[in-house]
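Quick notes on the structure that follows.
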Number of protein chains: 2
Amino acid sequence: MSVYDVKNEVTDKYSLRGRVFNKVREDILSGKYKENEELKEIAIGEELGVSRTPVREAFRQLELEGLIKIIPNKGAYVTGITVEDVKDIYMIRSRLEGLCASWACEHITPEQLEEMEENIYLAKFHAERGHFEQMSELDSRFHELMYEACDSKMLEHLLRDFHQYVQRVRRKTLSTIERSLASNAEHQAIMEAIKSNDPKRADELATLHIHNAYDNMVKNGLKEAYSNE
Amino acid sequence: MSVYDVKNEVTDKYSLRGRVFNKVREDILSGKYKENEELKEIAIGEELGVSRTPVREAFRQLELEGLIKIIPNKGAYVTGITVEDVKDIYMIRSRLEGLCASWACEHITPEQLEEMEENIYLAKFHAERGHFEQMSELDSRFHELMYEACDSKMLEHLLRDFHQYVQRVRRKTLSTIERSLASNAEHQAIMEAIKSNDPKRADELATLHIHNAYDNMVKNGLKEAYSNE
DNA sequence: GATTGTTGCATTGTATACAATAATACCAAA
DNA sequence: TTTGGTATTATTGTATACAATGCAACAATC
């Protein structure tokens, strides 16, 4: 994404280009297309029943989103995420999630707060039982809620992009009952700081939360997540 | 730009698409194309002597960069920057420039440090004489140097994008001798913190620097900068 | 045998033709 | 005059044809 893609939130679902864009994006994030795999315009076009033109336009956007790298006159390749990238993103995120949480204090709606509380309650249930799929969903939704609550299109979009970007790696590492419970407890603390309108505290807690998530990821073997493939 | 465009740094200067992209981008940032102006594929294509295809691809990228908004089946329009956008960007930047400065402590090279010191020395000369054009150049270069010195492609790219994005607004507001001198003094303090390898202090100073820049912008009438047009 | 040149193929880059859509102008009816 | 609809036109969306490029296999030369 480009940085401040505060516009085509609904990257036109109905144009062919939009459909290609969303489909390929999903397939990369879900792992269907592996790192360094070459994406051919014709092949993708045929698969989706469209010509090369919309595929090419979608590729140009995916490149700017950082999901593929286009080498002129050669081809489009799925980009890899290095260990450094992941570290950088987490450090960047930790600061911006702090900012986001502090802004959310002022702007969160009762409905959003309500959903946050539900989210945490439900997450506790699943965490205790080791339902990691559901935990991952709920974790994403919690952060998504906070991004919406900060009421800044700019920041919301930026954080959403980052969150999505590291999701490729995250699934492999967020899977112990202890961390799930701890993570959820941190969510609850952040939520309570927001609820009591304490921006400074919300800021600190959200910042710490991302740091903890990163530390946990490193402990659980970020590097191994790569070499195992 | 998308967020993590850590790839086509040289958005292929030699493909037609790359040329169109760069040209239109420049023209928007320089103000040749005004806010809400409609950009027509054929017109731009003829102006640059290319067909619609590369123009369309460039447009798709510019959209993701946030510089234009494409309304399906209708057209491409130069996006405006709202007062909220500017505020958000400055708040985001303040945190990330802090992070950048702290990382620069570890990774800056002697050459980069050398150029920073030159930059500050030269800026003092121009600031005292009210050479605002040169000041703007030097200011940009100082930040650019810091982005390079942090040794994180991710952060470097992100900050560069933001910096460029607000440049459209910045020129109008950074033009008093007092602020120029103060800004340069802040640069010097940041540089010295980096030089003495004090990440915490560099972080704080850089964060504060952006806050000050923002406050100054607001004082000098950010809103007026818009209504005057 | 290694290196270099050449040829053919696969793929991307660009231009253009045609289809779909939206804005505008115009005319007719009330 | 206003309103409604229709035709026209301008513009974007998509498909496809052709050009340029890169790559790999093979042949020729040393």
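Each chain gets a letter, A, B and so on, in the order the sequences are listed, and its residues count up from 1. As the structure is a prediction and not an experimental result, all values here were calculated from the model.
Within the 4.0 Å cut-off from OP1 or OP2 of D:dG13, at least one side-chain nitrogen or oxygen of B:R56 is found. The shortest distance between the side-chain N/O atoms of B:R60 and the OP1/OP2 oxygens of D:dG13 is below 4.0 Å. Taking only side-chain nitrogens and oxygens, A:K40 comes nearer than 4.0 Å to OP1 or OP2 of C:dT11.
Look at A:R179 and A:D215 and you find no salt bridge, because none of the NZ, NE, NH1 or NH2 atoms lies under 4.0 Å from a carboxylate O. With salt bridges taken as basic N to acidic carboxylate O contacts below 4.0 Å, one links A:E65 and A:R25. A salt bridge is absent between A:E137 and A:R141; no separation between the charged side-chain nitrogens and carboxylate oxygens falls under 4.0 Å. Using a 4.0 Å cut-off between a side-chain N of Lys or Arg and a carboxylate O of Asp or Glu, A:R93 and A:D88 do not qualify as a salt bridge.
The nearest whole Å value for the distance from the CG atom in A:L39 to the C1' atom in C:dT12 is 14 Å. Atom P of nucleotide C:dG13 and atom NZ of A:K74 are separated by 12 Å, given to the nearest angstrom. Distance B:E41 CD to C:dT16 P: 15 Å, rounded to the nearest Å. Rounding to whole angstrom units, CD of residue A:E63 and P of C:dT12 are separated by 13 Å. Protein atom CD1 of B:I68 is 11 Å distant from nucleotide atom P of D:dT12, rounded to whole Å. In this entry the distance linking CZ of B:F21 with P of C:dT14 reads 15 Å, nearest Å. One atom, CD of A:E57, and another, P of D:dT14, lie 7 Å apart when rounded to the nearest Å. For A:N73 and D:dC23, the CG to C1' distance is 12 Å, given to the nearest whole Å.
Applying the side-chain hydrogen bond (donor to acceptor under 3.5 Å, both in side chains) criterion to A:E38, with sequence neighbours excluded, gives no partner residue. Scanning for salt bridge (Lys or Arg N to Asp or Glu O under 4.0 Å) contacts around A:E57 gives A:R17, B:R56, B:R60, with sequence neighbours left out.
Nearest to the side chain of A:R17, among C:dG13, D:dT14, C:dA23, sits D:dT14. Of the listed nucleotides (C:dG13, D:dA15, C:dA23), D:dA15 has the atom at the smallest distance from the side chain of A:L16. Residue B:R52 has its side chain nearest to C:dA17 when only C:dA22, D:dC18, C:dA17 are considered.
The base of D:dT16 lies close enough to the side chain of A:T53 for a donor and an acceptor atom to sit less than 3.5 Å apart.
The stretch residues 42-51 of chain A touches DNA chain D through A:V50, A:S51, each having a heavy atom within less than 4.0 Å of the strand.
Both tests pass for A:K87 against the ring of B:W103: distance under 6.0 Å to the centre and angle within 45° of the axis.
Among the protein residues, B:I71 comes within range of no part of the nucleic acid, since none of its heavy atoms lies under 4.0 Å from any strand.
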